[in-house]
Amino acid sequence: MNEYPLSGPGSQPAEGDGAELDILQMPSGMETYAQPSLPEPEDVTGLEKGLELLRELSRQLHGYAADTPADPIDLEGLDEANRSLVDQVLGEGEVSIVLDGSQCSRIQESVLAGVWRLQQRDEAGQLIADRVEIGAIPREVVSGAFEGARDEALLCEPLPPGVLNAPPLFAEINEYIRGYQPGNPSHVINLTLLPQTEADLGFLQQQLGAGRVSILSRGYGNCRISSSGTRNVWWVQYFNSQDKNILNSLEITRVPNVACAAPEDLADSAERLDEILEIYL
């Protein structure tokens, strides 16, 4: 009888020199839609404001067009009970965003893809704005990501010790920054496939600068996206279930597609919200 499994780790005899094959673990978890837990129809008496807000959200979803973004829906006028109903229906989805500034914005995609909850706090941490917005990505992210950013990647000299392969990338980055127009496809520089040393990566990060937007997408494994301090340049990094970086890239674009909801996602969200609200008609 064969003493080794047919496949997978342990399926082959050990090497004579003691070396072992280290197989990179791919992401193993995937977020899927789950219907939120909702109150029974007889328990929503007095929650008419929350229900009307959700119906307005449904109307916006059915009328959504990418070139005519809907106006945000303000939640500040809701009392605690009505806000709790909205919280239950929206839940928390795959994408979380932090936009730093004098007033820090925290943005959470709901379980309905393309429906975003935006909360803004002052420097003391007090909530000063609470609203819902639909779209591929909140407008605040697009308008604020590169506020005050430089217009090109700066290559300083002399180069720090250990920096070998990063400098040629600056010409490529600046070429695509200069030629970028809204609607252009993303230009991706896959750093994982290039011979970049730790010193190279640190140098790139330092020269591109730090941006204002941090995004975490948990759809399949973890994808961490950060704007740089250079216009339209983003860091996009994928991690497996052991939090090991399996893909490291730069993207030159308005916002990386992995963070955005597709038109089909918003159409599905309209149908799902209708199913949720049907029990309250």
Counting neighbours of [atom1] on [X] that are heavy atoms of other residues, nucleotides or ligands and sit closer than 6.0 Å, is the number greater than 12?
{"X": "E80", "atom1": "CD", "result": "no"}
{"X": "R254", "atom1": "CZ", "result": "no"}
{"X": "R106", "atom1": "CZ", "result": "no"}

For the atom pair [atom1] ([X]) and [atom2] ([Y]), what is the distance rounded to the nearest 0.5 Å?
{"X": "F239", "Y": "C223", "atom1": "CZ", "atom2": "SG", "value": "9.0 Å"}
{"X": "L164", "Y": "L159", "atom1": "CG", "atom2": "CG", "value": "9.0 Å"}
{"X": "S226", "Y": "Q205", "atom1": "OG", "atom2": "CD", "value": "8.5 Å"}
{"X": "I189", "Y": "I173", "atom1": "CD1", "atom2": "CD1", "value": "4.5 Å"}
{"X": "S110", "Y": "E94", "atom1": "OG", "atom2": "CD", "value": "10.5 Å"}
{"X": "D268", "Y": "L61", "atom1": "CG", "atom2": "CG", "value": "11.0 Å"}

Is [Y] close to [X] at the side-chain level, that is, under 4.5 Å between some pair of heavy atoms?
{"X": "S105", "Y": "L118", "result": "no"}
{"X": "N248", "Y": "Q196", "result": "no"}
{"X": "R139", "Y": "P72", "result": "yes"}
{"X": "L78", "Y": "D130", "result": "no"}

Short question: side chain of [X], backbone of [Y] - any donor-acceptor pair under 3.5 Å?
{"X": "W234", "Y": "T253", "answer": "yes"}
{"X": "W235", "Y": "S228", "answer": "no"}
{"X": "R150", "Y": "T230", "answer": "no"}
{"X": "S217", "Y": "A259", "answer": "no"}
{"X": "S249", "Y": "V236", "answer": "yes"}

Item checked: Set of ring pair (Phe, Tyr, Trp, His ring centres under 6.0 Å) partners for Y176, sequence neighbours left out ->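 So Y176 forms a ring pair (Phe, Tyr, Trp, His ring centres under 6.0 Å) with H187.
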
Item checked: Residues in ring pair (Phe, Tyr, Trp, His ring centres under 6.0 Å) contact with Y180, at least two apart in sequence or another chain ->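 For Y180, no residue satisfies ring pair (Phe, Tyr, Trp, His ring centres under 6.0 Å) once neighbours in sequence are set aside.
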
Margin query: Would E140 and I97 count as a side chain to side chain contact (heavy atoms under 4.5 Å, CB included) here? Give the steps.
Written below: CA-CA 11 Å; E140 188 174 345; I97 305 173; over 6 Å; no

For a quick test of reading the model, state the closest non-hydrogen atom pair linking [X] to [Y] and the distance between them.
{"X": "N82", "Y": "G46", "answer": "ND2-O, 3.4 Å"}
{"X": "G135", "Y": "Y64", "answer": "CA-CE1, 3.8 Å"}
{"X": "P161", "Y": "A199", "answer": "O-CB, 4.0 Å"}
{"X": "A261", "Y": "E109", "answer": "CB-OE2, 4.2 Å"}
{"X": "A70", "Y": "Q60", "answer": "CB-OE1, 3.0 Å"}
{"X": "L204", "Y": "F170", "answer": "CD2-CE1, 3.8 Å"}

Under a 3.5 Å cutoff, is there a donor and acceptor pairing between the side chains of [X] and [Y]?
{"X": "S96", "Y": "Q108", "value": "yes"}
{"X": "D274", "Y": "S58", "value": "yes"}
{"X": "T197", "Y": "D200", "value": "yes"}

Next item on the list: Run the salt-bridge test on D87 and R117 with the 4.0 Å N-O cut-off and return the result as yes or no.
Entry: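 Answer for the salt bridge query: yes.
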
Checklist line | Lys/Arg N to Asp/Glu carboxylate O, E56 vs R59, below 4.0 Å | finding: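 Salt bridge present between E56 and R59.
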
Note to self: I need the single residue from V111, L273, V132, L85 that forms a side-chain contact (heavy atoms from CB on, under 4.5 Å) with L90. Which is it?
What the structure shows: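 Of the listed residues V111, L273, V132, L85, the side-chain contact (heavy atoms from CB on, under 4.5 Å) partner of L90 is V132.
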
Next item on the list: Please step through side chain to side chain contact (heavy atoms under 4.5 Å, CB included) for the pair N165 and L194, ending with a clear verdict.
Entry: CA-CA 8 Å; N165 301 308; L194 298 176; over 6 Å; no

Determine, using the 4.5 Å side-chain heavy-atom cutoff (strictly less than), whether [X] and [Y] are members of one ILVMFWY cluster.
{"X": "L57", "Y": "L75", "result": "yes"}
{"X": "L216", "Y": "V141", "result": "no"}
{"X": "I252", "Y": "V213", "result": "no"}
{"X": "V86", "Y": "I73", "result": "yes"}
{"X": "L250", "Y": "Y238", "result": "no"}

Next item on the list: I would like to know whether D151 and I177 meet side chain to side chain contact (heavy atoms under 4.5 Å, CB included); could you show each step before the answer?
Entry: CA-CA 8 Å; D151 292 327; I177 290 174; 5.7 Å; no

Notebook entry, point to check: Stepwise, does the side chain to side chain contact (heavy atoms under 4.5 Å, CB included) test hold for E251 with V258?
Noted result: CA-CA 11 Å; E251 286 196 29; V258 68; 5.6 Å; no

